[in-house]
Structures are given as structure tokens and as C-alpha cells.
Amino acid sequence: VSEPYAVLDWLPDATVVVGGDGRIRHANTAAARLLEADAAALAGRPVSDVLRLADDEGREWWALARPFDADARLLPRMPETDLRLRTPSGRQRPVTVTAARRRGDGGIETLVLSLRRAERRHRLDAARSDLVSTVSHEIRSPLTSVKGFVKTLLAKWERFTDDQKRQMLATVNEDADRVTRLLGELLDVSRIDAGRLQLHRQMVDVAAVARRVAERLDVGDESRVRVRLDDDELPKLYSDPDKLEQIFTNLIENALKYAEGEIVVTAAVDDDSVRFTLADEGPGIAAAHLVNIFGKFFRPAGERRTGTGLGLYITKGIVQAHGGRIWAESTPGEGSRFHFTLPRGGLELAGIDVPSRR
Ligand code: ADP
């Protein structure tokens, strides 16, 4: 490889240098990898045979763009274009192509093409449009219900009994809450994604937080949540009390919603962290889903209970912002256990000198 081309091998993007005769002079390492070929074997071959580029409609790019047509309007730099590259193994890869060309006396002398793999971007775009459609759907269904009930009430107020009216208004109230909750969750998600989740830390009695949440949520006919946290054992943790409340709320709410029987909250104190565990007696979570449940908008196919799939994603974001970890275990049929850790040593972090508890 002659010296001026050798540096091209340092570039992460596939780069191909083509002569005025349309034959490849050099393909860098990334290009060879993309084209599933040996760099040396590519040299000398007609570029349009090797780089089989087509637009979204399948039209051949070389015929469309005619980069070797050296007419007066020709721009030295060709605009960035999203294309598909067909590789020798028959795969279609999305690529973003840019090209620069130099004219000599007899027309185009050199064409340099750069191909950036666009799969990641495509995935991001797809994830973004998924998010928009999920969010639109999640907002539209409660709004449709609000609109329907309010419209009916306004039109036929006299015809309903007080009880019926109260029931409709209760539904409207719930649906409005759902939208508010979703918007709150989305804000949390965007803060977590941007790394801007703010914690207002103080020394927190976590047992008290957990008990408060359990009391607020455990309102069914029979009490199901058992908070078994030992106040003497459990150190206070330097953390954000509202955010801890959110963690317990999400995990306990999920257990009440998706599991059955008792939900037991315990903790194990370590030298440098406390591990909290929520164990339920529900149907459990399939192994294939365990890795996904902490993902954004993840809900198992066919999940009928209402929800957005954001709760565990946010919970994980909050735990991680505190410097902790969260994971789940489950034996299908025997319930699930959600564990999360929170680091100890809060007062030292806060710059307050305390004697060790041990
Ligand atoms: P949402 O509850 O809004 O669907 P989450 O992120 O909180 O979102 O939960 C994601 C999925 O994980 C739920 O849809 C549910 O299928 C599953 N899941 C969460 N907690 C439990 C649990 N304790 N037992 C069984 N499945 C659970």
C-alpha cells in the first residue's frame, strides 16, 4: 500500500479511492471488511461492480448519480445519501455515502467514496418512531375515554342517576391520572437518558420509606405486603427519599399487579452496600423476558394488564443514579425476586465524619 493511502486504513469508515477509469485504486481496511473481500483483491476492479449501491426503491446509484459525469454544474463534493449496499453474501446493508471528486483536464480524475454503516442510526430512528407511536397510543386511549364520558354527560346529564354520573366521573378522573402519570414517566425517562436525573440526597431511613409505600399501596381486601426490615440493622442511607419511594412504589405496585400472594420486602446489610429484595409468589417471569424487563417500553407480548413498560426502566435509572444495581430472578411458577443495592457510606460522601457502625 503506497504511503498516501496507508493512512486511510486508520479511518473507521469504509473509504474507497477510484480512478478516472472507474477502477478502484485503493479500498481501506474498513471497506474491505464491509465488502467481505481482501483489500488487495479489490484494487483494479470496476467500482460499480464491487460497490453495488441502490436507493430505497432499488434503483442503481451509479446510474442515478453518475459521479463520473464531469459537467459544468458538477459539485466537487456529492451530498450525503442514504443507500443500500448489497454485499457479496447477498446482505442488504444501509449505508450513508458521501463522495468527493477531483477534475482534471480529461474529466474526473479521482473519486473518493466514504461509506458509513447506518444500521445503528436506523435502529435509533426505528426506536424513536416506536416511542412516538407508543406514547401517542398511550395518551390517546385515556383521552378518548375522557372525551367520551364528558360528552355523554354533557348531552344527557338529566338521564343518568347520581350513581351513574359518579361512576363516569370516577373513570374520567382515573384516565386523567393515567395521562399525568405517563407524562411524568416520560419526563423521568428523558432525564435518565440524558443523564440529568437529579438526586436530592439526605440521610434516609429506608425502612420507613418502604413501610409508608406499603401502607399506601396495600389497600386490597387482604393485606399482602410484608415489610421485614430491621430498624436496628439497617443503616440510614445517603439517598433521595422521593426517588427511593418511587423505587419501592414501582416494585410493590408491579408485584401487586403481576403476582399473587404475599410480597415480602427484606434487606441484607453488607460492608459497603445494602441489598433490598422483594419476593413475590406470582407466576414469575420467563427466562427470556428477565433480561428485557428493565428495558424501555418492554412488555411481554400479550400482557393484558395496563401499563407502559416504563416502570422498571425508570426504577433501574434511579437505582443506578444512586450508584446501585438492580436485577431480577425468577423460577416460573414460583414467583420472582427483585433485588437492588444502594451504597452505604453516605455520611462520608456528604463530608460528615461518623464513627463506623461496626
Ligand atoms: P409495566 O408494569 O408498565 O408494564 P414495568 O417496566 O414496571 O412496566 O414492567 C415490565 C413488565 O415486567 C411487566 O409488563 C410485567 O410483564 C413484568 N413484571 C414486572 N414485575 C413483575 C412481577 N413482580 N411478576 C411478574 N412479572 C412482572
Side-chain angles (χ1 to χ4, degrees), residues 120 122-146 171 174-194 197 213 216-220 224-225 243 245-261 263 265 276-321 324-340:
R120 204 181 111 76
H122 277 235
R123 269 204 305 275
L124 283 179
D125 285 351
R128 232 167 261 145
S129 73
D130 272 4
L131 191 137
V132 170
S133 76
T134 310
V135 168
S136 313
H137 173 81
E138 289 294 330
I139 292 180
R140 180 159 356 139
S141 46
L143 274 186
T144 306
S145 139
V146 166
T171 312
E174 260 169 45
D175 284 324
D177 283 347
R178 242 173 87 191
V179 177
T180 310
R181 199 164 50 230
L182 174 68
L183 293 178
E185 286 183 346
L186 286 171
L187 277 177
D188 281 343
V189 166
S190 80
R191 287 193 194 107
I192 288 167
D193 286 351
L197 192 72
V213 173
R216 173 163 56 81
L217 298 177
D218 201 8
V219 289
R224 290 174 56 194
V225 187
K243 298 284 189 297
E245 182 155 343
Q246 216 174 334
I247 297 175
F248 281 107
T249 303
N250 282 339
L251 293 178
I252 294 177
E253 250 174 9
N254 275 352
L256 288 170
K257 181 158 71 167
Y258 299 110
E260 293 129 32
I263 298 136
V265 185
F276 295 90
T277 299
L278 278 94
D280 66 51
E281 300 173 349
I285 300 165
H289 292 151
L290 268 183
V291 282
N292 296 325
I293 50 173
F294 295 99
K296 217 184 290 183
F297 288 116
F298 176 80
R299 318 204 69 218
E303 177 58 71
R304 302 248 288 283
R305 285 155 288 204
T306 59
T308 55
L310 290 175
L312 287 175
Y313 181 79
I314 294 168
T315 307
K316 178 178 168 190
I318 297 174
V319 170
Q320 288 180 340
R325 291 193 310 126
I326 183 165
W327 68 102
E329 303 173 308
S330 176
T331 313
E334 292 175 23
S336 324
R337 278 177 308 284
F338 283 82
H339 308 279
F340 67 95

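Keep in mind the model is a prediction, meaning the values are calculated, not measured.
- Distance alone, capped at 3.5 Å, places no donor-acceptor pair between the Arg181 side chain and the Ala176 backbone.
- Electrostatic pairing of Arg216 and Glu245 counts as a salt bridge here, judged by a charged N lying under 4.0 Å from a carboxylate O.
- Between the OG1 atom of Thr144 and the CD1 atom of Ile139 there is a distance of 11.0 Å, given to the nearest 0.5 Å.
- Taking CG of Leu290 as the start and OG of Ser336 as the end, the distance is 7.5 Å to the nearest 0.5 Å.
- Scanning both residues, Gly335 and Ser330, for their nearest heavy atoms gives O-OG, 3.0 Å.
- Between Glu185 and Thr308 there is a side-chain heavy-atom pair separated by less than 4.5 Å.
- Shortest non-hydrogen contact noted between Arg178 and Ser141 is NH2-OG, 3.7 Å.
- Annotation: side chain of Glu329 is not in contact with side chain of Ile285 (no heavy-atom distance under 4.5 Å).
- Closest approach of Gly261 to Arg224, counting heavy atoms only: O-NE, 2.8 Å.
- A distance of 12.0 Å separates CD1 in Ile314 from OG1 in Thr249, rounded to the nearest 0.5 Å.
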Exercise. For Glu281 and Glu260, what are the C-alpha separation, side-chain angles and deciding distance, and is it a side chain to side chain contact (heavy atoms under 4.5 Å, CB included)?
Worked result: CA-CA 5 Å; Glu281 300 173 349; Glu260 293 129 32; 5.6 Å; no
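- Closest non-hydrogen pair, Pro283 versus Ala259, comes out as CD-CA, 4.0 Å.
- Side-chain contact between Leu256 and Leu217: present, with at least one pair of heavy atoms (C-beta onward) separated by less than 4.5 Å.
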Problem set entry | Candidate pair Leu186 and Leu182, rule side chain to side chain contact (heavy atoms under 4.5 Å, CB included), full reasoning | CA-CA 6 Å; Leu186 286 171; Leu182 174 68; 4.1 Å; yes
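- Once rounded to the nearest 0.5 Å, the distance linking CG of Asp280 with CD1 of Ile252 reads 11.5 Å.
- Relative ring orientation between Phe298 and His289 is described as tilted, the plane-to-plane angle lying within the 30° to 60° band.
- Nearest heavy-atom pair across Asn292 and Ala288 is ND2-O, 3.3 Å.
- Counting heavy atoms from C-beta on, the side chains of Phe340 and Thr315 never come closer than 4.5 Å.
- A distance of 9.5 Å separates CZ of Phe294 from CD of Gln320, quoted to the nearest 0.5 Å.
- Summarising the geometry, atom CG belonging to Leu183 is positioned 11.0 Å from atom CD belonging to Glu138; distances are rounded to the nearest 0.5 Å.
- Inter-residue side-chain proximity for Leu278 and Asn254 is flagged as unmet; no heavy-atom pair is nearer than 4.5 Å.
- Between Thr277 and Phe338 there is no side-chain heavy-atom pair separated by less than 4.5 Å.
- Using a 4.5 Å heavy-atom threshold, the side chains of Leu197 and Ile318 count as touching.
- Between Ala328 and Ile293, the closest heavy-atom pair is CB-CD1, 4.1 Å.
- The closest side-chain heavy-atom distance from Leu312 to Leu251 is below 4.5 Å.
- A salt bridge links Asp193 with Lys296: the distance from a Lys NZ or Arg NE/NH1/NH2 to an Asp or Glu carboxylate oxygen falls below 4.0 Å.
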